[in-house]
There are 2 protein chains.
Amino acid sequence: MDGSESDDLDHLFSETVRETMDGSVYGAWRSIRDADAVPLSFGFPYPESFPNGELVSAAESLFEYEGDRALQYGGGEYADALPAVIVERARDRGIDCTTSQVHLTNGATNAIDTACQTFLDRGDTVFVEAPTFMGALRLFRNYGVDIEDCEMDENGLDVEALAADLAAREEAGDPLPKLLYTIPNFHNPTGVTLPEGRRERLLELAETYDFLVLEDDPYGQLRYDGTEPPPIRALDGTGRAIRINTFSKTVAPGVRTGWIIAEEPFVEQFDRINAGGEPSYTRGLIARYAEEGRLDRAIEELCAGYRERRDRMMESLADRMPPGTTWSEPDGGFFVWVEFPEGVDAEGMLPDAIDEGVTYLPGSFFYAGDNGTRHARLSFSHVPPAAIDEGIAALATAVRAEVPAIGAGD
Amino acid sequence: MDGSESDDLDHLFSETVRETMDGSVYGAWRSIRDADAVPLSFGFPYPESFPNGELVSAAESLFEYEGDRALQYGGGEYADALPAVIVERARDRGIDCTTSQVHLTNGATNAIDTACQTFLDRGDTVFVEAPTFMGALRLFRNYGVDIEDCEMDENGLDVEALAADLAAREEAGDPLPKLLYTIPNFHNPTGVTLPEGRRERLLELAETYDFLVLEDDPYGQLRYDGTEPPPIRALDGTGRAIRINTFSKTVAPGVRTGWIIAEEPFVEQFDRINAGGEPSYTRGLIARYAEEGRLDRAIEELCAGYRERRDRMMESLADRMPPGTTWSEPDGGFFVWVEFPEGVDAEGMLPDAIDEGVTYLPGSFFYAGDNGTRHARLSFSHVPPAAIDEGIAALATAVRAEVPAIGAGD
């Protein structure tokens, strides 16, 4: 059938799809993805970190141990054991939970989506950090909710500004949030971490104003300096904290297995509405791989690899960026948030930056509204240290060209 | 926190979750799953069929060929090639399509869910065959739609009864369906196949009454007799046929990779609302495994293994079941639909049948309303032929006990 006939079928889409179908940023994504330039754009692990050989060994020993059960519906003993692996590791981080408080998902994105489907009705209000993970914004939009920005500073979510906003909304009779989405550790895209006191205050507010806190923590175990504040879920006495995590950053993205830790009545509903779940084969592989301490050793090696990359990006930014540029200094994770000098439009500069030899994600990608035009997210996770320096040099050249007053030589 | 506090959070669930959270059949499932009896209940492949060693080889050669790309976000060339593999195999079955008409999913269940999210609004009407796949019923319920039964006979969906129902609804101003869900080949649970003429008539009705046809075909390639009618999608000139398929039955359930073939504008929206997608690692593994004809050879072997099991179940039913029992005679797939003599309540008989040494799924599980009480689904896919005979013998004993008038020896 030709395009004109297809167009006639658009009325069959759901109301929410019709409302959101033209709002994508795929065009910009594609130009970044296909660029011949140093990719500081994507939050990808560095490929040398992937446990190729270990996963072949895990497959061999999984099949040897489980025989025909490994590929069956539900999988075998290792697949069954993965929630216990998750519980044990969560306990090491201060989260007291049981396997009946764990719901496995097809990666963290599927986990966010499951929470959306379980809790959100059209017209509900969702609070997000501004800026926040664009993938989460995309999912929330799919549920027809109102997305409201929360202010952040160099210590993450500004909980006192949030308290004032909630009080003002209650006073005015404006909608209160059903759910607040936060990335408390090495935030995407800013790299900042929420201190313990703010986590406690956030939980107080959740109880007072009766909303859920969706804690997304893909990067928490990738810490290169300092000590970890307790996970929000570890501090929660209200049952309102729902914690999302994934093996995508600690094993590999290709295995795409995540999980949710929450109160058991919530997990029962996640299990019930779940549309298929993660493959039992990869679940078994990960459980087998995690055995014998391999996952912990891998995380140590990853931290060493990422620390070196983080340090190199900090040095390069300090050495090369023109005055008026500032950036966050993350203690872990993948990302640095850069503010360019006045007069720079980060999205408009992107084609020139690509010509100079670097890609980044414009800050505007990370806001529900029109914001972040002077910002960019740089990822140090993906390329070797030398390429990071090359990319930052290209970025500095692009910025200088954008703001001639700075002068080519500084 | 304790249970009473958790209960206080139920108001945070979405409206649809609150409406559906108490309607599950999980209790009955568990008693069947944990029974010490011949499992004729579950539609599982027989475990000897799983390609354990081949998947280890595929992993080794995938890593050798793709190096660090195999486990990265998006995967490498093999993961990229899977849609082309699917297109080529679909063309062999008469479906003219391109890779931009293919959306990959995390198994067929995730595919049904994606179609639900893309097309259904609360209050929409969905037509289903009665009986139908219980997993699909569960998913439709999650979307707050009205589920209406369509009549079936020994040739599947009764399209003339459907035509009359649609005309009557239009006349009366009653809701018309947004979507009709059908399993045209070796239907779950009845095992019957929809003839070509009915497929064409169904598409005419879809165009006339402006609804989508969701064609779920997990078993179509597992044919042991006769020739295949064209897939509904192959006959479709309206753009309304959306075809779902999976590698769960031809490779293994553990790899949990499925797909949708549909018009490109639909696929664009599936891609956009997609919450994570299937793991790129298993995608690459399957593409590598399918190469060199291994998948085709595997399907030939599977058909031989299932044909033997199907034949044994047919013989056992004929030899052992008491008079008044009838059953379908499937040309493929996994399932036989049994109608017991009058006076038998299939769900009520289940505990006694388990005591005798067999499990089945009561027919009532496969209806949205109160139906199927005299029916059961038997699966011949999972156990060896000798166990099938043992299970049918136990079933016959249970039925005779239920209807003493038949007599113990008959």
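Just so we're on the same page: letters track the sequence lines, and every chain starts at 1. This is a predicted model, so every value here is computed, not measured.
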Exercise for the section: Take the angle between the ring planes of B:F266 and A:F13 and call it parallel below 30°, perpendicular above 60°, tilted in between. Expected result: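 Answer is perpendicular, since the angle exceeds 60°.
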Is any side-chain heavy atom of [X] closer than 4.5 Å to a side-chain heavy atom of [Y]?
X	Y	result
A:L55	B:L71	yes
B:S14	A:D121	yes
B:Q117	A:D113	yes

Practice task
Pick whichever of B:F42, B:Y281, B:F211 has the most heavy-atom pairs under 4.5 Å with chain A.
Solution key: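 If we count pairs closer than 4.5 Å to chain A, B:Y281 comes out on top.
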Practice task
Heavy atoms only, distances under 4.5 angstrom: which of B:T114, B:V251, B:L179, B:D210 has the most pairs with chain A? Name it, please.
Solution key: B:D210
Minimum heavy-atom distance between [X] and [Y], given as atom pair plus value:
X	Y	answer
A:G254	B:P279	O-CB, 3.2 Å
A:L9	B:G239	CD1-O, 3.6 Å
A:Y73	B:S248	OH-CB, 3.8 Å
B:Q72	A:P45	NE2-O, 2.9 Å
B:I273	A:L139	O-CD2, 4.4 Å

Exercise for the section: Give, for atom CE of A:M21 and atom OG1 of B:T118, the distance between the pair rounded to the nearest 0.5 Å. Expected result: 10.5 Å
Exercise for the section: Starting at CD of B:E15, measure out to CZ of A:F119 and round the result to the nearest 0.5 Å. Expected result: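 Rounded to the nearest 0.5 Å, the CD-CZ separation comes to 15.5 Å.
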Exercise for the section: With sequence neighbours excluded, give me every side-chain hydrogen bond (donor to acceptor under 3.5 Å, both in side chains) pair touching residues 42-63 of chain A. Expected result: A:S61-A:R288
Handout entry: Contact class of B:Y143 relative to chain A, heavy atoms under 4.5 angstrom
Key =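 Contact with chain A is through the side chain of B:Y143 alone.
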Handout entry: Which atoms of B:L12 approach chain A - backbone, side chain, both or neither, heavy atom under 4.5 Å
Key =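 Both parts, backbone and side chain.
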Problem - A:R256-B:T282 side chain donor-acceptor pair, cut-off 3.5 Å - result: no
Handout entry: Expected output: side-chain A:R272 to main-chain B:N142 donor-acceptor under 3.5 Å
Key = no
Practice task
Flag the one option from A:E268, A:R69, A:R283, A:K249 with the top tally of heavy-atom pairs under 4.5 Å to chain B.
Solution key: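 Answer, by heavy-atom pair count under 4.5 Å with chain B: A:K249.
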Exercise for the section: Answer with side chain, backbone, both or neither: which region of A:R18 has an atom nearer than 4.5 Å to a non-hydrogen atom of chain B? Expected result: side chain
Problem - Portion of A:D124 that has a non-hydrogen atom of chain B nearer than 4.5 angstrom - result: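 Neither the backbone nor the side chain of A:D124 comes within 4.5 Å of chain B.
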